[in-house]
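Reading through the structure tokens given below for one structure.
Residues: numbered from 1 along the sequence shown.
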Amino acid sequence: MIPETTTPLSFVSDSPESPWATYLSQVDRVVPYLGKYARWAETLKRPKRALIVDVPIEMDDGSVRHFEGYRVQHNLSRGPGKGGVRYHPDVTLEEVMALSAWMTVKTAAVGLPFGGAKGGIRLDPKELSLKELERVTRRYTSEIGIIIGPQRDIPAPDVNTNGQIMAWMMDTYSMNTGATATGVVTGKPIHLGGSLGRVKATGRGVFVTGREAARRLGLKLEGARIAVQGMGNVGGTAAELFVQAGGKLVAMQDHTGTVVNDEGFDIKSTLELVKREGGVAGHPKGQRVDNEAFWDVDCDILIPAALEGQITPARARRINAKLVLEGANGPTLPEADDVFRDRDILVVPDVICNAGGVTVSYFEWVQDFSSFFWTEDEINVRLDKIMVDALNHIWETADRHKVTLRTGTFAVACERILIAREERGLYP
């Protein structure tokens, strides 16, 4: 019997559909499988540290604007914090908390020596010039500099951030500390200590876990119909690899709209169009349909690779896929998970499915410390082995407990986290 926990966090809402509520529900589902470590479960429900910062910058027109920034370190029991930074007008503290918590689970699920962290700034990068974006990045880095570092917390790219943003963060931190610190961020440009294979790593991880899941289901990739929500770095790379394996990309959705093509989209021209036009809506070979119609598309594999909270129970009842690969973080609400289970639709959860990015970020971090860099082939081989081994262990755990892959992943990861918590003990 687990005793009643202390008072709830005062700074979170009671919305049942918030990302943080989704995460808490996932933790509650795994507690019965944690054995003696369940006594530490409350550790998983509270971020270790949450920093809110004001980010004032001078705009190009001479005015001064203030942006709200966050950095949350959810759990550092297994190592320094690791997690991306996103620039989005709808970023909230609760969202960043949930994302940092999923990073804690994700790094433990694949056995990396990291804890979970995440950051964000409430802004639309499309509304800022390049110089304004640089100023806001540098000021944000200075403000969170008190808690980040190569052995404390290592940021990385996320939604609307990229290698250039990471270069500015690395340079700012280095200037403030007086020494070049390439290991303070990952996802950097190659010339600044970045790693080959990092840009496509998250999408590659989605493909590798999807390939293994399809094999277990007896689903042939040759001719498999693929639908992707979010054709950015993750969704676009995953789609490219599935098409190379013989799949057929039949539907795409992003912030510009939804297009379908029963014969399949040419992946090369599609990725070029997305890069050129910024979205899929204007695809000349695509039939434009209502956004809600995306969830009715006849497909074998569905890849939600956009934002969290996209698959509601109502949408889960309409989805026709045999396999759902979560390229995004937290795209499926807990009640929708139940619908998928009842409909016998297999979900490979985000905390293992999209862990390829943080795995190659780990490779980059290791390479920066050693100043010795690997080839892209070496990186891909190492990535594939780590992802396949982790998924196999998770699958065995899920089968043993007769639970979903998500609960199986949480069981593996949370046990590792709480063993570390118990062995470290409480200080003082």
Side-chain angles (χ1 to χ4, degrees), residues 40 43-44 46-51 53 69-86 96-120 140-158 161 165-167 169-174 176-188 192-195 198 201-202 329 351 354-372 382 386 390 413-414 416-427:
W40 294 95
T43 301
L44 302 168
R46 293 167 180 269
K48 176 181 177 63
R49 185 177 290 119
L51 179 63
V53 297
Y70 315 100
R71 187 69 185 177
V72 175
Q73 295 167 346
H74 173 258
N75 188 288
L76 306 181
S77 294
R78 300 183 70 255
K82 189 80 191 77
V85 176
R86 62 175 50 184
V96 175
M97 283 169 52
L99 293 166
S100 71
W102 283 319
M103 282 300 301
T104 299
V105 176
K106 193 178 302 182
T107 55
V110 290
L112 305 181
F114 290 134
K118 207 77 174 186
Y140 169 72
T141 305
S142 292
E143 295 293 345
I144 67 169
I146 56 175
I147 64 169
I148 65 171
Q151 293 177 311
R152 302 179 73 186
D153 180 2
I154 307 106
D158 196 72
T161 56
I165 301 289
M166 294 305 107
M169 291 190 74
M170 187 272 281
D171 182 67
T172 303
Y173 181 86
S174 297
N176 288 344
T177 57
T180 299
T182 56
V184 69
V185 296
T186 57
K188 302 180 296 297
L192 294 178
S195 176
R198 174 61 186 86
T202 308
N329 292 307
V351 282
N354 67 30
V358 70
T359 302
V360 177
S361 277
Y362 166 62
F363 296 165
E364 180 177 333
W365 183 70
V366 168
Q367 290 170 91
D368 284 339
F369 274 118
S370 65
S371 297
F372 183 83
R382 292 171 191 256
I386 285 177
C414 292
R416 289 172 177 170
I417 297 159
L418 299 182
I419 287 173
R421 174 69 280 165
E422 181 170 87
E423 288 178 341
R424 291 181 65 153
L426 295 177
Y427 174 83

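No side-chain donor from either of Thr141 and Thr172 sits under 3.5 Å from a side-chain acceptor of the other. When only modelled atom types and interatomic distance are considered, Asn176 and Ser142 share a side-chain donor-acceptor pair under 3.5 Å.
Note: Trp365 and Phe369 have perpendicular aromatic rings, judged against thresholds of 30 and 60 degrees for the angle between ring planes.
Here the shortest heavy-atom pairing between Ser77 and Ile417 reads CB-O, 4.1 Å. Residues Ala167 and Leu192 share a closest heavy-atom pair of CB-CD1, 3.6 Å. The shortest heavy-atom contact between Pro150 and Tyr173 is CD-OH, 3.7 Å. For Arg416 against Ala109, the heavy-atom pair with the smallest separation is NH1-O, 3.2 Å.
In this structure, CE on Met166 lies 10.0 Å from NZ on Lys188, to the nearest 0.5 angstrom. Note: Ile154 CD1 to Ser361 OG = 9.5 Å, rounded to the nearest 0.5 Å. Summarising the geometry, atom CG belonging to Leu44 is positioned 11.0 Å from atom CZ belonging to Arg421; distances are rounded to the nearest 0.5 Å. The distance from atom CG of Leu76 to atom CZ of Arg49, rounded to the nearest 0.5 Å, is 6.5 Å. Interatomic distance, Lys82 NZ to Ser100 OG, rounded to the nearest 0.5 Å: 13.5 Å. Expressed to the nearest 0.5 Å, how far CD1 of Ile419 lies from CZ of Arg424 amounts to 14.5 Å.
Arg71 and Asp153 are joined by a salt bridge, as a carboxylate oxygen and a charged side-chain nitrogen come within less than 4.0 angstrom of each other.
Side chains of Thr161 and Met169 form no contact here, defined as non-hydrogen atoms less than 4.5 Å apart.
Only one option out of Lys48, Arg78, His74 pairs with Thr104 in a side-chain hydrogen bond (donor to acceptor under 3.5 Å, both in side chains); it is His74.
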